[in-house]
K.L.:
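If you scroll down you'll find the structure; I have some questions about it.
Each chain gets a letter, A, B and so on, in the order the sequences are listed, and its residues count up from 1.
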4 protein chains.
Amino acid sequence: MDSHLAARTPPPLSPRKRPRQARAVVTVDAIFEATLQVLLAEGMRHLTTTRVAERAGVSVGTMYQYFPNKQALVYALNERSLETLADRIEATCRACHAAPVNRMVEALIETYWRAKTERPEVTRALYRSVAEMDNTALIESFAQRVDAATTEMLASATDATFTDLHIVNLTLVTVIFGTVRNAFERGVSDAVSHALKQQLLEMCLAYMQAAMA
Amino acid sequence: MDSHLAARTPPPLSPRKRPRQARAVVTVDAIFEATLQVLLAEGMRHLTTTRVAERAGVSVGTMYQYFPNKQALVYALNERSLETLADRIEATCRACHAAPVNRMVEALIETYWRAKTERPEVTRALYRSVAEMDNTALIESFAQRVDAATTEMLASATDATFTDLHIVNLTLVTVIFGTVRNAFERGVSDAVSHALKQQLLEMCLAYMQAAMA
Amino acid sequence: MDSHLAARTPPPLSPRKRPRQARAVVTVDAIFEATLQVLLAEGMRHLTTTRVAERAGVSVGTMYQYFPNKQALVYALNERSLETLADRIEATCRACHAAPVNRMVEALIETYWRAKTERPEVTRALYRSVAEMDNTALIESFAQRVDAATTEMLASATDATFTDLHIVNLTLVTVIFGTVRNAFERGVSDAVSHALKQQLLEMCLAYMQAAMA
Amino acid sequence: MDSHLAARTPPPLSPRKRPRQARAVVTVDAIFEATLQVLLAEGMRHLTTTRVAERAGVSVGTMYQYFPNKQALVYALNERSLETLADRIEATCRACHAAPVNRMVEALIETYWRAKTERPEVTRALYRSVAEMDNTALIESFAQRVDAATTEMLASATDATFTDLHIVNLTLVTVIFGTVRNAFERGVSDAVSHALKQQLLEMCLAYMQAAMA
DNA sequence: AATGAATGAGGCTTCATTCAT
DNA sequence: GATGAATGAAGCCTCATTCAT
């Protein structure tokens, strides 16, 4: 399935060279920022290499020194964004180490929800941008980091042990992430969004209660 | 937000003419089927009007008789697919009228999960195809039909009443749909997928229990 | 050897579609003519798809309906030219059927020399244009037609038989063709060119004399 | 004719500076070698200054210290190669000074044939590389050296004198060089190639015999 | 002297859409 | 009605060359 993504001469998605000089780092950052800007202002449909370079204040040629093609650029942008998100989740997990389960669940929901909501257009633009790419590796890598962090957190809970920690953890994470995204896509109002978050929390708490050994 | 999706060129998204004659219906169906085929085989990236027409066995010109532009074609395909899905959900809801809550929840999860999983590549291809379109109206319309159906179903439950039927219903639907999609995107194995569905069911049941007045 | 010609994703060199309608034939011819014109006026280095289309009075798009890429266009042009040349050689061979050997050799030299010299810029432009292409198939195909024609001609000679017709034939053809090309490349004057042709004839005659059984 | 080759941009084809220091000689040699390597591995089409510099282990900037532009580099490479070839031919001519004609002809054929065949890919790559350049001067210069050498050789023959030494010499050289190239391009097998060389020798001998006063 | 990051003109190619037949 | 040849704007990407460090 999805064979077409790879079938037609898999385009190299990894960056061409890492910026070595300070100047180059600045350039790459500018390119990332510009990509996001164009994505927000024009949509994936109108994200052209020319436009990105223009907005970044560099020449197309420069862009191509760092990214072998357009896809790689978008890919890298998403990678970066997911890494940031994973960082935040890991931080949350660390902060909740050896806390009661309820606090953990609440913190997790809160963190993820906020991360996705604080700049909704960005979230949406990124969601859209990877849609037609093989982002399996990205998701995979993100999922692994998150799973590791949350699993460890849950295992450290002071007030509970889970016979099936793994599946409970997976369920929790999948439900939370999926619900947020779906709420997002339905474009619910802030009020409803808030209520929904509350209900999600209650649902997860009820589940955890039931799942405790 | 996302204004660019509609702003740039308000493309007429509705079909040019409703097929009135039998022949026309056949043609349109062939076009839909061809679109799906190309989408599966080549991806949105390579979905061209020429290719679709070719595979549908009609000329490009003919295609343009039925769809004013490419977007409209993809849009209509998704519309059709969502309508079918809504049909199935409504059927499920009717079948569970005046049943116990647990059966309702189970049926709902089962129906949606199956619908999305029975032809995963199709699901994925469609998800991708709308990514860069303004599908708000589509989602909206789908959501309304589903909400109406599930709300009525839940209201008819023989073993429970909900003080806040609306929000409970919204939560239930959002969580189920979101979780399915997320499980989908993580590309979990069949075994895990099955376990996840089971857990989701338990979670929802626990939630409903807590939500009953 | 020459692996790079094929190695880097062999570009399809065969035409995309044969012109079916009268109009299309005209178009294709115009494109060929334009290609030659541009080749003459600007050289392979500056032969661009845009320029060719422009001079042919069609759009680039049209060009790409008949040729999958620039290389294919140049390739087809050379193919056509070699076919014409082979036609002429075959005609000469038929005309000399059952003649004395000397007349055959003279006719062959004359035909080839004239063909290459009557429009020297064209010859030169074509030579250059295929230089960096894998024209093996072209050469091969041309060589086969010529070999067949000349072999048959020589076999019909009234005043001689050859024990080793095959190698004699190959030698004759290779020497003639090679010498013409080399004379060409050295850019000798008309006078010298003429003298050279004469000498070549004498050399070949001397050779044939010695080669007769 | 072929005016475009020089007309467009009269690019300075002579090296920017002759390497005076030992280090410079090494560098230039490395660049030459790298150019040949890239030419062999990738073809003229993909011969880029960056790639050459990379393989030569110097920066592009450095390359531009020695060659004013890409053309000059390729030009110089061919120049070098032709000079080497001329050296070998001159050596052969000197070695055959005051020998019988037959030995001269045989030695000449042998030398040239071997030179072109010992590294066929190199020969081919070089042939290709100059295709779209104005190599008239190169050819001219090479021809003059060869003509002088062979003329002198033939004049010293112990067993013959030629009334028309000049044209005989030109014919001999043109036929030999042309035949070798053509045999080359037809891509004949080693066996055939060998037979061809033999026949060429016989043909030339027959010619010389006839040409003797 | 050497480096290699940056430039940007310009090449190739695609594909949605039209319209004469 | 149907066809499919023709259009051409617009996108992606390369690479010879320069120049600040």
Side-chain angles (χ1 to χ4, degrees), chain A residues 11 17 19-24 26-28 45-54 57-71 73, chain B residues 9 11 21 23-24 27 45-54 57-73, chain C residues 11 17 19-24 26-28 45-54 57-71 73, chain D residues 9 11 21 23-24 27 45-54 57-73:
Chain A
K17 67 176 170 189
R20 288 171 194 281
Q21 305 176 8
R23 178 170 54 142
V26 172
T27 300
V28 167
R45 214 176 171 49
H46 299 282
L47 182 86
T48 70
T49 52
T50 319
R51 257 190 272 255
V52 169
E54 204 170 343
V58 300
S59 67
V60 234
T62 298
M63 246 194 58
Y64 276 88
Q65 291 231 333
Y66 299 101
F67 303 95
N69 52 54
K70 199 178 78 162
Q71 304 253 340
L73 173 62
Chain B
T9 4
Q21 305 165 12
R23 184 167 50 139
T27 302
R45 227 176 152 47
H46 300 282
L47 182 86
T48 69
T49 51
T50 315
R51 255 190 274 254
V52 169
E54 202 172 349
V58 300
S59 69
V60 234
T62 300
M63 246 192 59
Y64 272 82
Q65 293 265 330
Y66 297 100
F67 302 94
N69 54 51
K70 200 178 86 163
Q71 302 251 343
L73 172 62
Chain C
K17 68 176 170 190
R20 289 171 193 282
Q21 304 175 9
R23 179 170 53 142
V26 172
T27 300
V28 167
R45 213 173 170 51
H46 299 282
L47 181 85
T48 69
T49 52
T50 319
R51 257 190 272 255
V52 169
E54 204 171 344
V58 300
S59 68
V60 237
T62 297
M63 246 194 58
Y64 275 87
Q65 290 232 333
Y66 299 101
F67 303 95
N69 52 54
K70 197 178 79 163
Q71 303 253 340
L73 173 62
Chain D
T9 4
Q21 305 167 11
R23 184 169 49 142
T27 302
R45 227 176 153 47
H46 300 282
L47 182 86
T48 68
T49 51
T50 315
R51 256 190 273 254
V52 170
E54 201 172 350
V58 301
S59 70
V60 235
T62 300
M63 247 193 57
Y64 272 82
Q65 293 266 329
Y66 296 101
F67 302 94
N69 54 50
K70 199 177 86 163
Q71 303 251 342
L73 172 62

K.L.:
Nearest whole angstrom, please: distance from the P of E:dC15 to the NE2 of B:His46.
P.N.:
8 Å

K.L.:
Can you tell me the distance, in whole Å, between the CZ atom of C:Phe67 and the P atom of F:dA5?
P.N.:
14 Å

K.L.:
Hey, could you give me the OG1/CZ distance between C:Thr48 and C:Arg51, rounded to the nearest 0.5 Å?
P.N.:
4.5 Å

K.L.:
Need one value for D:Leu47: base, sugar-phosphate or nothing, where a base atom within 4.0 Å counts as base even if backbone is also close, heavy atoms only.
P.N.:
sugar-phosphate

K.L.:
Any idea which heavy atoms bring C:Val52 and C:Met63 closest together, and the distance?
P.N.:
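For C:Val52 versus C:Met63, the nearest heavy atoms are CG1-SD, 3.7 Å.
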
K.L.:
More 5' along DNA chain E: C:Gly61 or A:Met63, using each one's nearest nucleotide?
P.N.:
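Final value for this comparison: A:Met63.
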
K.L.:
Just the rounded figure in Å: distance from C1' of E:dA16 to NZ of B:Lys70.
P.N.:
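Spelled out: NZ on B:Lys70 to C1' on E:dA16 is 8 Å.
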
K.L.:
What nucleic acid atoms does B:Thr48 come within less than 4.0 Å of, heavy atoms only: base, sugar-phosphate, or nothing?
P.N.:
sugar-phosphate

K.L.:
Specify the separation, in whole Å, of atom CD of B:Glu54 and atom C1' of E:dC15.
P.N.:
13 Å

K.L.:
Can you tell me the distance, in whole Å, between the OH atom of D:Tyr64 and the P atom of E:dA5?
P.N.:
16 Å

K.L.:
Expressed as a whole number of angstroms, how long is the span from C:Arg45:CZ to F:dC15:P?
P.N.:
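In whole Å, F:dC15 P lies 13 Å from C:Arg45 CZ.
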
K.L.:
Is the distance from OP1 or OP2 of E:dA6 to the nearest side-chain N or O of A:Thr27 less than 4.0 Å?
P.N.:
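Yes, within the criterion.
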
K.L.:
Atom CG of C:Asn69 to atom P of E:dT13: distance rounded to whole Å?
P.N.:
5 Å

K.L.:
Given B:Thr49 and B:Tyr64, is the side chain to side chain contact (heavy atoms under 4.5 Å, CB included) satisfied, shown in steps?
P.N.:
CA-CA 9 Å; B:Thr49 51; B:Tyr64 272 82; 3.7 Å; yes

K.L.:
Should E:dA1 form a Watson-Crick or G-U wobble pair with both distances under 3.5 Å, which nucleotide is its partner?
P.N.:
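For E:dA1, the partner nucleotide comes out as none, under the 3.5 Å rule.
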
K.L.:
Distance check: side-chain N/O of C:Thr62 vs OP1/OP2 of F:dT7, anything under 4.0 Å?
P.N.:
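Yes, such a contact exists.
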
K.L.:
Which nucleotide, F:dT7, E:dG8, F:dA5, lies nearest any side-chain atom of C:Val58?
P.N.:
F:dT7

K.L.:
Considering every strand shown, what is the Watson-Crick or G-U wobble mate of E:dT17 when both distances are under 3.5 Å?
P.N.:
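E:dT17 is paired, partner F:dA6.
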
K.L.:
Please determine if a side-chain N or O atom of A:Ser59 lies less than 4.0 Å away from the OP1 or OP2 oxygen of E:dG8.
P.N.:
no

K.L.:
Find the distance between OG1 (C:Thr27) and OH (C:Tyr66) and round it off to the nearest 0.5 Å.
P.N.:
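Reported value, rounded in 0.5 Å steps: 5.5 Å.
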
K.L.:
Output the rounded distance in Å from OH (D:Tyr66) to P (E:dT3).
P.N.:
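It is 10 Å, rounded to the nearest whole Å.
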
K.L.:
Does C:Gln65 get its side chain close enough to the base of F:dA6, under 3.5 Å, for a donor-acceptor pair?
P.N.:
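Side chain to base: pair found, below 3.5 Å.
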
K.L.:
If you measure from CG on C:Leu47 to CG on C:Leu73, what distance do you get to the nearest 0.5 Å?
P.N.:
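Going from the CG atom of C:Leu47 to the CG atom of C:Leu73 covers 7.0 Å.
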
K.L.:
I need the minimum non-hydrogen distance between C:Ala53 and C:Ser59, along with the two atoms involved.
P.N.:
CB-C, 3.9 Å

K.L.:
F:dA16 phosphate, OP1 or OP2: any side-chain N/O from D:Thr49 under 4.0 angstrom?
P.N.:
yes

K.L.:
Report the residue (D:Val60 or A:Val60) whose heavy-atom-nearest nucleotide on DNA chain F is the more 5′ of the two.
P.N.:
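The residue mapped nearer the 5' terminus is A:Val60.
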
K.L.:
Would you please confirm or rule out a distance under 4.0 Å between OP1 or OP2 of F:dG11 and any side-chain N or O of A:Arg51?
P.N.:
yes

